[in-house]
Amino acid sequence: MITEEKNIEQLNNQIRFISHEIRNNLSICDMYSQIIKRNLEKDGVQNSSVNNAIDCIQKSLQIICANLMDLKSIDCTEHKLYDFEKTLLRGVELSKAYTEDKEIDFEVFIKNSANILIDENRYISCIINIIKNGIEAIDMMGKITVLAEIKDGYAVVKISNNGKPIPKDKQDKIFEIGYTSKTSGSGLGLGICKKYLSSMGANIKLIKSGKAETQFEISVPIN
Ligand SMILES: Nc1ncnc2c1ncn2[C@@H]1O[C@H](COP(=O)(O)OP(=O)(O)OP(=O)(O)O)[C@@H](O)[C@H]1O
Ligand SMILES: [Mg+2]
């Protein structure tokens with residue numbers, strides 16, 4: 001076998017092995033989170049914050065599974081109708097995990113809702129990527145604002161933060177794959193958002209970035 005084919009086969013095997021092991025461990029996380037949920041219910045424990053955390057873990061596991069399918073080039077994207085408000089709120093809840101020890105105030109205003117045709121996992125991943133960037137731009141204390149509405153045939157979300165702004169001369173580079181200003185960043189988040197959203201006929205853009213706030217807008221057409 002020629003070297004190039006051998007390399008591709010090795011790479012394919014590596015992908016299959018790693019996917020297999022990730023899936024095994026995802027199943028363990030999924031099973032134990034279900035056990036925790038069941039036991040809390042059995043003991044009559046009503047704790048909305050724990051329930052929310054478990055729901056977030058389970059949604060996150062589903063997103064990882066979808067990513068593993070992508071890795072195997074199996075198209076499991078599912079464009080279905082989802083409630084705009086509910087899906088957005090799920091993304092916001094998942095993103096809060098990135099707050100860690102920062103003091104971040106989340107303000108969410110959703111004016112109205114409708115069903116939108118999206119791949120749920122990909123849409124939520126975009127919301128997470130944008131809010132995660134917002135949290136990372138905030139030093140220790142700040143605010144993330146999410147404004148959403150159905151307007152002129154689009155489901156529009158504006159996500160802002162009051163952290164360090166993006167320099168003017170870098171603003172047209174931020175969607176490029178590999179562009180990062182962070183020591184531990186990979187410069188993939190916004191590129192992934194662009195790709196995922198365009199596959200849904202949707203769009204993302206930077207509205208503004210200055211001292212007061214940085215704001216991104218995601219708009220999905222309503223059919
Ligand atoms: N809300 C924001 N506030 C300030 N800068 C931002 C914001 N969003 C994006 N940026 C800038 O755009 C760059 C690219 O963002 P992107 O999400 O693509 O990659 P990253 O965050 O650096 O790495 P990762 O792959 O982990 O997401 C960031 O490094 C940062 O400089
Ligand atoms: Mg990022």
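Indexing begins at 1, ligand by ligand and atom by atom, following the structure's order.
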Under the side-chain contact (heavy atoms from CB on, under 4.5 Å) rule, what do Asn161 and Glu213 come out as? Steps first, then yes or no, please.
CA-CA 6 Å; Asn161 74 82; Glu213 64 173 352; over 6 Å; no

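For residues 163-176, the set of pairs meeting the side-chain hydrogen bond (donor to acceptor under 3.5 Å, both in side chains) definition, not counting sequence neighbours, is empty.
Sorted by chain then number, the residues whose non-hydrogen atoms approach ligand 1 to under 4.0 Å are Lys132, Asn133, Gly134, Glu136, Ala137, Asn161, Lys164, Ile166, Ile174, Tyr179, Thr180, Ser181, Lys182, Gly185, Ser186, Gly187, Leu188, Gly189, Leu190, Thr214, Phe216.
Between the Mg ion (ligand 2) and Asn133 there is an N/O/S contact shorter than 2.8 Å.
With a 6.0 Å radius and a threshold of 12 heavy atoms from other residues, nucleotides or ligands, Lys211 has its NZ atom at or below the threshold.
Contact of the Lys59 side chain with the Leu94 side chain is registered, since non-hydrogen atoms from C-beta on lie closer than 4.5 Å.
Of the inter-residue distances, the one linking Met200 atom CE with His79 atom NE2 reads 5.5 Å to the nearest 0.5 angstrom. Taking CD1 of Ile177 as the reference point, atom CG of Leu188 lies at 5.5 Å (rounded to 0.5 Å).
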